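Throughout, protein chains are lettered first and strands after them, A, B, ... in sequence-line order, and every chain is numbered starting at 1. On a predicted model such as this, the values are computed, not experimentally measured, just so you know.
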Amino acid sequence: MKSSLDTLLKATFDDCVEQGLLAETPLPDYVIEVPNNPEHGHFATNLPLTLASVQRRPPLEIASVIVEHIENNDNLLENAEVAAPGFINFTIRREAWHRVLSRVVAQGNAYGRSDLGRGQKVLVEFVSANPTGPLHLGHGRGAALGDTLCRILSFCGYDVIREFYINDAGQQIRLLGESIFSRFMQKHRQDYPFPENGYRGDYIWDLAEKISGEIDLAQMPHEKAIELCAERGKGIMLEEIREDLTRFGVSFDVWFSESELFRKGLLDEALKKIEDKGQLYEKDNALWIKTSGFGDDKDRVIRKKDGHFTYFASDISYHLEKWKRGFDKAVNIWGADHHGYVPRMKAALSAYGLPERWLSVILIQLVKLWKGGQEIKMSKRAGDFVTLQELVEEVGVDAVRFVFLTKNHDSTLDFDIDLVKKRDSENPVYYVQYAHARICSIFRKAASQGITLPGRSDTGLDRLVLDEEMALIRIMAEFPSLLEDISRSLEPHRLTYYLTELAAAFHRYFNLGTKTPEYRIVSPDKALSQARLILAQGVRTVIGTGLGLLGISAPEKM
RNA sequence: GCGCCUGUAGCUCAGCCGGAUAGAGCAGCGGACUUCUAAUCCGCAGGUCCGGGGUUCGAAUCCCUGCAGGCGCGCCA
């Protein structure tokens, strides 16, 4: 709807230029938006205001010229009027809104799909938790956000690959092995030393139990036993992570292992290429990369004095590997505690010669958990934290996912378990789901009276005239452009707000009928009932699609 | 000290590319169920958009600055 209006506006401008009524200037940045105040029509544009300076004429004058010459060929406009200080307010004809509704219902589950991405290949890397412990709340937030973003990008025509990067080549896996082995030994010798920075969570005891049941750890050299504990521990943790994510409705296309970078010689290959570009040098017996030339504070070490490569080195080669696989765009979802790492990563990629905007990093602020009015502090190292799995078991996948997406990723999130567990109005996920279930219930009621959805989605829509009915259609009309905005801004939380708004408009509409029978959807007037069923079907479709993109179920009964 | 993020109603937060009278939920107060699902709706009340400058026809939004809070500043991963 907005884009048809834009097309009309541009054509009108060109006409006015051709007729010499306006000077021939390039079109400035202007907006077409839905005004807050209903008196300002369905849409408003500031085009005359933005044109004023280049045209060297008062905005009101420009607005009048445009309004007088606007051609209403396809019966879109009811009215276009000039408003101070230089807006044009548009009112759309009711029939045009009816056509939108008809299209929503005709397209069904495909409504909102677009070709915005034109098949561009996008790699979204998210969660990427170290396989040294269970997923916690922060991972859950990243999982919910990444998964929904992927679903939306796919829906908008991008070719999306979801990837989980496994940090399994570094020191922390060794530490995992030492922690497990130590717990194993402590079962017989309580004073057996525990590694200083070891993982202290209870799950380490479970791992020790499980692994010692599979392998006779006592009958081999400690070094060997630690290696096996590390290897097996990593495998078990990874499996658990995968299961947790599956239960959370999140799947990945690729599980990319850091150790694979070494095994396949990808690290050496990447470093050689960077060296060829003259971006590496030796100093103090270490190997450095010149990131400072690309916006980083200082150069960074790639290979340490002791001959080991840094984590940064493998991360660079990992990202170059992504590039090599031919992605047009890469998106990383990281915890905000890694924000200092972003400039150096981007600098390294620039040093190699990748385009500045190829990589987008979404930083997620931390999640604070509240229960019984108190904050529950979490620390992975101390083994004191709430896992994603525990949370999901307590409050359910739908509620957890929804709450994780009710806030912008760059603000910290307070997750109040007591509040989310409540199955009432305090919890917005039920509010949206309830609207869906309600519509399903209406369809059941209608069917029981022999009234069903007409075969053609444009049947009798001229019966829809109530403000509340038109409001619903207007909200539905915004859905496609909302998804495109989300694809561009990478801000999926906006979808939860949109769905809440749509659900609210529906609940309001529904409640008209509780007071006044003639406003009910199912009524003795069959033609009217059918038109309203089409409207309800549109709402059900959009809510269903929206919830699907959020990875949340759309129940038929509640 | 430097960098990133945040600061909007009592609380938790939206506010899209700078638009016209700043929104929602919860909490508070008052109403609506022999009904198409009350997990709902309607009304009332609630604001120095952290402070101060600036840009603009127009600023919660952009720029500068101050204050407050969070996070990060390793040849760790």
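Nucleotides A14(B) and U6(B) are separated by 15 Å at their C1' atoms, to the nearest Å. With both ends at atom C1', the span from C63(B) to C42(B) equals 44 Å, rounded to whole Å. For the P atoms, the distance from G47(B) to G72(B) is 37 Å, rounded to whole Å. Atom name P, nucleotides G54(B) and C11(B): the rounded distance is 31 Å, in whole Å. Distance check on atom P: G3(B) versus A24(B) gives 39 Å, rounded to whole Å. Taking atom C1' in both U37(B) and C71(B), one finds a spacing of 46 Å when rounded to whole Å.
Distance alone, capped at 3.5 Å, places no donor-acceptor pair between the Tyr281(A) side chain and the Lys290(A) backbone.
For the pair Arg540(A) and Phe443(A), the cation sits on the ring face: its NZ or CZ lies under 6.0 Å from the ring centre, inside 45° of the axis.
Atom OH of Tyr434(A) and atom P of G25(B) are 17 Å apart (whole Å). The distance between atom CZ of Arg303(A) and atom C1' of C76(B), rounded to the nearest whole Å, is 18 Å. The distance from atom CZ of Arg438(A) to atom P of C36(B) is 12 Å, rounded to the nearest whole Å. When the C1' atom of A77(B) is taken as reference, atom CD1 of Ile166(A) falls 16 Å away, rounded to whole Å. With rounding to whole Å, Phe415(A) atom CZ is found 16 Å from U12(B) atom P. The CG-C1' distance, from Leu405(A) to A14(B), rounds to 14 Å in whole Å.
Dashed line: the shortest gap from a side-chain N or O of Arg344(A) to OP1 or OP2 of C73(B) is not under 4.0 Å. For the OP1/OP2 pair of U37(B) and a distance below 4.0 Å, the side-chain nitrogens and oxygens of Tyr430(A) include no atom meeting the criterion. An OP1 or OP2 oxygen of C75(B) is reached within less than 4.0 angstrom by no side-chain nitrogen or oxygen of Arg300(A). Phosphate proximity of A77(B) to Lys304(A): present, with a side-chain N or O under 4.0 Å from OP1 or OP2.
Of the candidate nucleotides A77(B), C75(B), C36(B), C75(B) has the atom lying nearest to any side-chain atom of Lys305(A). Residue Ser441(A) places its side chain closer to U37(B) than to any other of C75(B), U40(B), U37(B). Looking at the side chain of Glu33(A), the nearest of the listed nucleotides C5(B), G19(B), C41(B) is G19(B). Side chain of Tyr311(A), nearest nucleotide from A77(B), U37(B), C41(B): A77(B). For Lys298(A), whose side chain is taken as the heavy atoms from C-beta onward, the closest listed nucleotide among U37(B), A32(B), G74(B) is G74(B). Of the candidates C17(B), C5(B), A77(B), the closest approach to any side-chain atom of Thr310(A) belongs to A77(B). Ranking G15(B), C71(B), U37(B) by closeness to the Leu366(A) side chain, first place goes to C71(B). With U37(B), C16(B), C41(B) as the choices, the nucleotide that has an atom nearest any side-chain atom of Asp485(A) turns out to be C16(B).
With a 3.5 Å ceiling on both atom-pair distances, A27(B) lacks any Watson-Crick or G-U wobble partner. The partner of A45(B) is absent, by the rule that a Watson-Crick or G-U pair needs both atom distances under 3.5 Å. As the counterpart of U40(B), A32(B) is assigned, both hydrogen-bonding distances of the Watson-Crick or G-U wobble pattern falling under 3.5 Å. Across all strands shown, G18(B) has no partner, as no Watson-Crick or G-U wobble contact with both distances under 3.5 Å is found. C2(B) is paired with G72(B) under the criterion used here, namely a Watson-Crick or G-U wobble arrangement in which both key atom distances are under 3.5 Å.
For C16(B), the base has a donor-acceptor partner in the side chain of Arg494(A) [N/O atoms by modelled type, under 3.5 angstrom]. A donor and an acceptor atom sit less than 3.5 Å apart, one in the side chain of Asn37(A) and one in the base of U21(B). Side-chain atoms of Asp168(A) and base atoms of A77(B) include no donor and acceptor less than 3.5 Å apart. For G72(B), the base has no donor-acceptor partner in the side chain of Asp337(A) [N/O atoms by modelled type, under 3.5 angstrom]. With hydrogens and angles ignored, a donor-acceptor pair closer than 3.5 Å exists between the side chain of His339(A) and the base of G3(B).
Salt bridge Glu282(A)/Arg303(A): present, at least one basic N to carboxylate O contact under 4.0 Å.
Ser411(A) comes within 4.0 angstrom of the backbone, heavy atoms only, and of no base. Note on Asp284(A): a base of the nucleic acid sits closer than 4.0 angstrom, heavy atoms only. Here Ile302(A) lies out of heavy-atom contact (under 4.0 Å) with every strand. Contacts of Tyr519(A) with the nucleic acid, taken as non-hydrogen atoms under 4.0 Å apart, include base atoms. As judged by a 4.0 angstrom heavy-atom cut-off over every strand, His493(A) is placed among residues touching the sugar-phosphate backbone only. In this structure, Lys407(A) reaches the sugar-phosphate backbone alone: every heavy-atom distance under 4.0 Å involves primed, P, OP1 or OP2 atoms, never a base. Residue contacts shown for Gln449(A) are absent, as no nucleic acid heavy atom lies under 4.0 Å away.
Ring pair Phe506(A)/Phe510(A) is tilted by interplanar angle, where 30° to 60° counts as tilted. Taking the six-membered ring where the residue is Trp, Phe256(A) and Tyr318(A) present tilted rings, their angle falling between 30° and 60°. Taking the six-membered ring for Trp and thresholds of 30 and 60 degrees, Tyr341(A) and Tyr311(A) have ring planes inclined between 30 and 60 degrees apart. Note on ring orientation: taking the six-membered ring where Trp is involved, the planes of His338(A) and Trp334(A) are tilted (angle from 30° to 60°).
By the rule that a glycosidic angle within 90° of 0 means syn, C5(B) does not qualify and counts as anti.
Residues Leu464(A) and Ile534(A) form no side-chain contact, since every pair of their non-hydrogen atoms from C-beta on lies 4.5 Å or further apart.
Stacking between Phe87(A) and G19(B) is absent: the ring centroid is not both under 5.5 Å from the six-membered base ring centre and under 30° in plane angle.
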